[in-house]
Visitor: 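For reference, the structure I am asking about is given below.
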Number of protein chains: 2
Amino acid sequence: MLVTQKNQYALRAIFELAKYKGQGPVKIYEIAEAQNIPLRFLEVILSRLKRSGIVESKRGYTGGYKLIRDPMEITVADIFRFMDESLGPIECVACVSEKSNCPYQGQCAFFPMWQKVQDAIRDVFDKTTIHDLLEVDNSEGVHCCM
Amino acid sequence: MLVTQKNQYALRAIFELAKYKGQGPVKIYEIAEAQNIPLRFLEVILSRLKRSGIVESKRGYTGGYKLIRDPMEITVADIFRFMDESLGPIECVACVSEKSNCPYQGQCAFFPMWQKVQDAIRDVFDKTTIHDLLEVDNSEGVHCCM
DNA sequence: TACTTTCTCGATCGAATTAGTCGGGATTGA
DNA sequence: TCAATCCCGACTAATTCGATCGAGAAAGTA
């Protein structure tokens, strides 16, 4: 899977939080229900996102999670990076995409192609913000799975 | 990993066969050595590629594998498709990229993005032929892993 | 015929990654 | 004090992936 479930969950959690931006904290079980994410797993995910500073939390009765940054300033790539500690490069069997690890030092027929793919993917994720996704969500015209 | 080792091996095996196109069959251990692929694993891979009709084999003393189709007519995407029985779509947690499986029938904020990524990847793999890769290999200017 | 080489096929194993769970603790507000 | 909620690390389960193996079938060679 190009994007792991975990990362997709993370994205959807942030997306959900963005909906309620400016309205006080959202409880984890609300996010879990709304986005159909296993609650206990979501805990793991949110605690990671919290560490990255994109999300804030509060405990107790009035507790929950809050999105700190502006949805316009958060890209999908950001989220994946926070989750993974970097949106990893394609792992070329030969190259491992690191000059130092490449057994073909200097010449590899496939590398330029891996690069292209890499860049193409990154381009989409870098250019899509949470705000963009919310807009899609609000517009009627868009249809899923077709 | 976006492209599994197995698929990368497949690509490199075909690439290797393409080099000797028109020169009689290449033995499996020659391919394995040249491309540094575990021999027994390569058996599995080639037998699959054979079933897809891109490769031909002959047994016995003078045996080996031969590429049937023209390297100009084989794209990288083809190879991955043969291996996987389709270059699968991104597996969206919610959609699974099948209209019928999508719980959000009709509305999913993320789908257009998955589509874009999908298309971007496919575009590269669809447009790169084995012939292209051979050319990269022959040109001096290209450098690997940087 | 007997023998060697090479491909053929299915089963299986092991390691790594990923998904998901759990128990118990710390805060916070009522 | 109590209930609700987040917090944390360890743990387990499931799946995928990479790789190996044994035995057999074709093809040429002597």
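By convention in this document, chain letters (A, B, ...) are assigned in the order of the sequence lines, proteins followed by strands, and residues within each chain are numbered from 1. Only this structure's heavy atoms are used, side chains among them; waters, hydrogens and symmetry mates stay out.
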Visitor: Any salt bridge between A:D126 and A:R81, counting N to O under 4.0 Å?
Guide: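 Result for this pair is yes, salt bridge flagged.
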
Visitor: Which heavy-atom pair separates A:V55 from A:K50 by the least distance, and what is that distance?
Guide: O-CG, 3.5 Å

Visitor: Rounded off to whole Å, could you give me the CG-to-P distance for the A:D84 and C:dT17 pair?
Guide: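 Between P of C:dT17 and CG of A:D84: 13 Å.
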
Visitor: Is it the case that the base of C:dC7 and the side chain of B:E43 share a donor-acceptor contact (distance under 3.5 Å, atom types as modelled)?
Guide: no

Visitor: Using a heavy-atom cut-off of under 4.0 Å over every strand shown, decide if B:L46 touches base, sugar-phosphate, or nothing.
Guide: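 The answer is nothing, as B:L46 stays clear of every strand by at least 4.0 Å.
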
Visitor: In this structure, how many angstroms lie between the P atom of C:dT17 and the CD atom of B:Q5, rounded?
Guide: 11 Å

Visitor: Measure the distance from CD1 on B:I37 to P on D:dC17 and round it to the nearest whole Å.
Guide: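 Checked: the CD1 to P distance equals 18 Å.
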
Visitor: For the side chain of A:T4, counting heavy atoms from C-beta on, which of D:dC17, C:dT18, D:dT5 is nearest?
Guide: C:dT18

Visitor: Return yes if some donor-acceptor pair links the side-chain N/O of B:R48 with the main-chain N/O of B:S52 below 3.5 Å, else return no.
Guide: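 Looks like no, no N/O pair under 3.5 Å.
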
Visitor: Compare side-chain N and O positions of A:S57 against OP1 and OP2 of D:dC7 and report whether any pair is under 4.0 Å apart.
Guide: yes

Visitor: Could you list by number each residue of residues 58-68 of chain B showing a heavy-atom separation from DNA chain C of less than 4.0 Å, or answer none if no residue does?
Guide: B:K58, B:R59, B:G60, B:Y61, B:G64, B:Y65

Visitor: Mind checking A:S47 for me? I need base, sugar-phosphate or nothing, with any heavy atom below 4.0 Å counting as a touch.
Guide: nothing

Visitor: Nearest to the side chain of A:R40, which nucleotide is it out of D:dG18, C:dC9, C:dT21?
Guide: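 So the side chain of A:R40 is nearest to C:dT21.
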
Visitor: Do any N or O atoms from the side chain of A:R12 and from the backbone of A:Q35 form a donor-acceptor pair under 3.5 angstrom?
Guide: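 Here the side-chain-to-backbone pair exists.
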
Visitor: If you find the nucleotide of DNA chain D closest to A:Y29 and the one closest to B:L42, which residue's nucleotide is nearer the 5' end?
Guide: A:Y29

Visitor: Starting at atom CG of A:L2, determine the distance to atom C1' of D:dT16, rounded to an integer number of angstrom.
Guide: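 In whole Å, D:dT16 C1' lies 16 Å from A:L2 CG.
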
Visitor: For DNA chain D, which residues of residues 13-26 of chain B approach it to below 4.0 angstrom with any heavy atom?
Guide: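 Heavy-atom cutoff 4.0 Å gives no residues at all.
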
Visitor: Rounding to a whole Å, what distance do you find between A:E33:CD and D:dT5:P?
Guide: 11 Å

Visitor: Can you tell me the distance, in whole Å, between the CZ atom of B:F41 and the P atom of C:dG14?
Guide: 17 Å

Visitor: How close do A:V3 and A:Q8 get, heavy atom to heavy atom, and via which atoms?
Guide: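 In terms of heavy atoms, the two residues are closest at O-NE2, 3.0 Å.
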
Visitor: Quick check: does any side chain N or O of B:E56 sit under 3.5 Å from a backbone N or O of B:Y65, one acting as donor and the other as acceptor?
Guide: no

Visitor: With nearest nucleotides of DNA chain C determined for B:K27 and A:P38 from heavy-atom distances, which residue corresponds to the more 5′ nucleotide?
Guide: B:K27

Visitor: Look at the side chain of A:T128 and the backbone N and O of A:F125, then say whether any donor-acceptor pair between them is shorter than 3.5 Å.
Guide: no

Visitor: Between B:L42 and B:A32, what is the shortest heavy-atom contact and its length?
Guide: CD2-N, 3.6 Å

Visitor: Can you list every side-chain hydrogen bond (donor to acceptor under 3.5 Å, both in side chains) pair that touches residues 18-29 of chain B, not counting sequence neighbours?
Guide: B:E16-B:K19

Visitor: Quickly work out the A:I45 CD1 to C:dG20 P distance and round it to whole Å.
Guide: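 Rounded to whole Å, this separation is 8 Å.
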
Visitor: Is there a donor-acceptor pair under 3.5 Å between the side chain of B:D132 and the backbone N or O of B:T129?
Guide: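 Checked: pair present.
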
Visitor: Atom CD1 of A:I28 and atom C1' of C:dG20: how far apart are they, to the nearest Å?
Guide: 13 Å

Visitor: Can you figure out which of C:dC7, C:dT21, C:dT6 approaches the side chain of A:V44 most closely?
Guide: C:dT21

Visitor: For C:dG20 and A:K6 - does any side-chain N or O of the residue sit under 4.0 Å from the phosphate oxygens OP1/OP2?
Guide: no

